[in-house]
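Within every chain, numbering begins at 1; the chains are lettered A, B, ... in the order of the sequence lines, protein sequences first and strands thereafter. This structure is a prediction, so every number in the text was calculated from the model and none was measured.
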Amino acid sequence: MTLHLAVALDGAGWHPAAWRRPPATPSALFTARYWAALAGESEYGLLDFITIEDGFGLQSTRADGPDERADQVRGRLDAVLTASRIAPLTSRIGLIPTATTTHTEPFHVAMGIATLDHVSGGRAGWRPQVSARRSEARHFGRREFPPLDPVHRADDPHTRALFEEAADAVEAARRLWDSWEDDAEIRDLATGRFLDRDKIHHIDFAGRFFSVKGPAITPRPPQGQPVVAALAHSRLPYEFAAAAADLVFVTPHSADEARAVVAEVRELSADLKIFADLVVFLGDGAAARKARLDELDGAELASDAAIFTGTASELAELLLDWRRAGVQGFRLRPGALPYDLEQITRGVTAELRRRGAFRTRYEAATLRGLLGLPRPASRYASGHLEVR
Amino acid sequence: MSVTPRRRLHLAAHFPGVNNTTVWSDPRSGSQIDFASFTHLARTAERGRFDFFFLAEGLRLRELKGRVHDLDVAGRPESLTVLSALAAVTRRLGLAGTVNTTFNEPYELARRLATLDHLSEGRAAWNVVTTSDAFTGENFRRGGFLDRADRYKRAAEFVRLSRELWDSWSPDAVAADQEAGVFVRHGGIGAVEHHGEHFTVTGRFTVPRSPQGRPVIIQAGDSDEGREFAAATADVVFSRHSTLEAGRAFQTDVKRRLARHGRRPHQLKIMPGVTYALGDTEEDAAERAAEIRRQQVGPRTAIAFLEQVWGRDMSAHDPEGPLPDVEPDLSGEVSQGRVPLADRAATAAAWRALAEEKGLTIRELVIEVTGRQTFVGTPESVARQMIAHVEAGAADGFVLVPHLTPGGLDEFVDRVVPLLQERGAFRSEYGGETLHDHLELT
């Protein structure tokens, strides 16, 4: 069975100094052709999907608020629109943009992802993300947030409420995606009806943070339910992922840790797909390349995810080792773009294929299909059957 | 013999909407949601060298008597998301989305619009609308109802704040200098401090200044507040005054207001929404126009229109029969998600008088009082009418509203646009790169 392989795209790569050395093209970071080239390369490598990072604050070395550093990439484009811009230029790869649940309207986000699914012919996903930062709340001026508590962050009531709100936003989105049954559009000339109104439903979502009446303005997405993916480092986000997502990105630092994380997640959900995140620097001189970037940045790279430096062959071995620990796929974060991406799409995929562990062609036309997820019937369809 | 017109006109294409103007019963009617339909319309508009492609907004499905209205085309994408995808399949065409200021926050929407401008290399436009109601608000966390004056105040502050955000990165903020190790120039990202009546926003914007600096601003409101807002803020007015007389009066009024805001007439383009029917002869065009209107007003649609005015269930009456002797129920509110008709008693009386005078059935009456095409004729006569309209100071151009998805613009682009070009009234090639260039705003 094929191992699932994805890449996380952000700026010039995941090393803060990645933009500083060729073949990086830092002046192109805010152009469509830059993103189209990265997506095209990822699709060339037959990867399952790409993710695109986003947020409501400038990148910063501080926990909260801008840091005034001039020597790192600052600024990001909206991820959903970026994914949509590259959708017509690709045909098989999944597109999973990040969209925040904290300050956004769940209705707009859900319609944006549904639209991405229509535009891409069933390749859309969504990574909901919470925004706990006070500096970002002040960009909206609606809520006053407490200062971040980096030590007890995962358990404090503020963070808990944000995850509760995120779960509500996903639930509202999922109901909206189902609110038009698949055959709601009938175009019945005999009765003059365009719609069968019995197949379009109010969702009547009412929660602690917002309510949404529905139905959607956008017909049901091609996948029925676009793929929801969550990044999680601890119990609270694991619970969120288990309740709301199809896919979780976890950050173990060894095969043993991977085994433990998988066990913990599996207690919460039998179905959730588990992907491990890894920051990767590849090629023969990978360690030296990373060291040079650390030197340019004035600090050794720190990351929530494990950092790998080595050859494509060594990485392939590690991925297969972690797979034996129960991880079903990987989201690789290229240290520097486009270099480490090309090492993945041309090197790592070839190494995995040699070991019989990666696809030689796309086996499905939708993201759910690539991930082996069934297309669910609408929850509102009468007598609906889950198609497994 | 041809006279070179003094003024060149501007053209935009409206994606066929989700009301009865859009005919779905025609065998040529395609999907209103498949991306292929959007691509076809947009590429046709670009082939015709149009200024921009336009998407309306509707944030709640229309309901009638508490149930989803089922007679008209429904189901649309999120505007900016589909426009971003269209940027990939077009090269010069402007991409205009209608986005509400009541159900959005400036920081987020300004980011999305700046992103669209980057990803389209300077082709983004924002149609700022304020229309909102408690019915639509039920889909939103901050979906409260605002009265008209407050809606415009909020909209004006929304746009002002968006501009502060768009302007907060200096044009040369991104140095991306690998040698010097400087990605962002010192002081290139300014702090935004906005303390207003409707918004309090402090911090830094996350999107570099976009190719146009800001998207082109479109405005469609018609009230006194709306006109003033347009004169102060907009680059384009999407007006509803498509007749010659009303267009001239509107254009005179709005352009007169510009000076007060230190602006010159060419900085605001007035483009009424128009419909059309073409034919090989005038008679042929008139027959096609009538046929389209029959398609737009089917038997049940006729009854639905009647119910909106009468405020009561009229479904027992034969649409092909005479207007029944029933008085309107002025207390009943039957339709939500539509602009309510201002004075239903007067409208009902006028409709009855017309039906009696001409001996019309219900359906004939509704056809008579709704949706007459703006331009009907041969390609030559439609081109002539459009040029005359602009020459007479009734418009700077037009937003064409086709009645069919996705092929409704084909014939216009194939047959009318070449005539406009021959007469020097419309561009044959794009002169510039950005929408701002196409609209000749500088």
Worksheet item: Based on non-hydrogen pairs under 4.5 Å, which of B:Thr301, B:Leu86, B:Val184, B:Val192 is most in contact with chain A?
Response: B:Val184
Response to the item:
So, the part of B:Arg300 with a heavy atom under 4.5 Å from chain A: the answer is side chain
Practice prompt. Dump the intermediate steps for side chain to side chain contact (heavy atoms under 4.5 Å, CB included) on B:Trp126 and B:Thr101, then the final yes or no.
Written response: CA-CA 11 Å; B:Trp126 172 25; B:Thr101 54; 3.8 Å; yes
Discussion item. If I measure from the heavy atoms of chain A, does B:Gln32 come under 4.5 Å with its side chain, its backbone, both, or neither?
Written reply: both
Worksheet item: With chain A, which of B:Glu78, B:Gln178, B:His118 has the greatest number of heavy-atom pairs at distances under 4.5 Å?
Response: B:Gln178
Worksheet item: With the threshold set at 4.0 Å, does a side-chain nitrogen-carboxylate oxygen contact exist between A:Asp10 and A:Arg76?
Response: yes
Discussion item. At a heavy-atom distance under 4.5 Å, which candidate from A:Pro22, A:Ala114, A:Ala87 has the highest pair count against chain B?
Written reply: A:Pro22
Worksheet, complete the sentence: Applying a strict 4.5 Å limit to non-hydrogen atoms, the region of A:Leu58 in contact with chain B is both
Worksheet, complete the sentence: Greatest number of non-hydrogen atom pairs under 4.5 angstrom with chain B, of A:Phe209, A:Phe210, A:Phe140, falls to A:Phe140
Discussion item. Using a 4.5 angstrom heavy-atom cutoff, name the option from B:Leu119, B:Ile33, B:Thr39 with the most pairs to chain A.
Written reply: B:Leu119
Fill in: Flag if over 12 foreign heavy atoms under 6.0 Å of CD, B:Glu121
no
Item to complete: Check each atom of B:Val82 against the heavy atoms of chain A and say whether the ones under 4.5 Å are side chain, backbone, both or neither.
Response: both
Practice prompt. Under 4.5 Å, counting heavy-atom pairs only, tell me which of A:His118, A:Arg187, A:Arg74, A:Gln59 racks up the most with chain B.
Written response: A:Arg187
Worksheet item: So which part of A:Asp188 gets closer than 4.5 Å to some heavy atom of chain B, the side chain, the backbone, both or neither?
Response: backbone
Response to the item:
Turns out that what part of A:Thr100 lies under 4.5 Å from chain B's heavy atoms comes down to neither
Worksheet item: Are the charged groups of B:Arg67 and A:Asp198 less than 4.0 angstrom apart, N to O?
Response: yes
Response to the item:
Under 4.5 Å to a heavy atom of chain A? For B:Asp34 that would be neither
Worksheet item: For the candidates B:Ala175, B:Gly75, B:Pro106, B:Gly298, which exhibits the highest count of non-hydrogen atom pairs separated by less than 4.5 Å from chain A?
Response: B:Gly75
Worksheet item: Is there a donor in the side chain of A:His201 and an acceptor in the side chain of A:Glu181, or the other way round, less than 3.5 Å apart?
Response: yes
Item to complete: Would you name the heavy atoms of B:Gly188 and B:Ala173 that are closest together and state the gap between them?
Response: O-CB, 3.5 Å
Practice prompt. Select, from B:Val201, B:Val207, B:Ile189, the one with the greatest count of heavy-atom pairs under 4.5 Å involving chain A.
Written response: B:Val201
Discussion item. For A:Arg138, is there an ion pair with A:Glu144 - N to carboxylate O distance below 4.0 angstrom?
Written reply: yes
Discussion item. For B:Glu108, which atoms come within 4.5 Å of any heavy atom of chain A: side chain, backbone, both, or neither?
Written reply: both
Worksheet item: Does a salt bridge link A:Arg175 with A:Glu171, judged by any charged N lying under 4.0 Å from a carboxylate O?
Response: yes
Item to complete: Give the C-alpha distance, both sets of side-chain angles, the deciding distance and a yes or no for ring pair (Phe, Tyr, Trp, His ring centres under 6.0 Å) between B:Tyr107 and B:His194.
Response: CA-CA 11 Å; B:Tyr107 192 92; B:His194 180 99; over 10 Å; no
Worksheet item: Which one of A:Ile200, A:Thr25, A:Ile113, A:Asp54 has the most heavy-atom pairs closer than 4.5 Å to chain B?
Response: A:Asp54
Worksheet item: So what's closer than 4.5 Å to chain A heavy atoms on B:Ser37: side chain, backbone, both or neither?
Response: neither
Worksheet item: Salt-bridged, A:Arg133 to A:Asp64, with N to O below 4.0 Å?
Response: no
Discussion item. Please identify, among B:Trp169, B:Phe199, B:Phe205, the residue contributing the most non-hydrogen atom pairs under 4.5 Å to chain A.
Written reply: B:Trp169
Worksheet item: For the ring pair A:His139 and A:Phe56, is the centre-to-centre distance below 6.0 Å?
Response: no
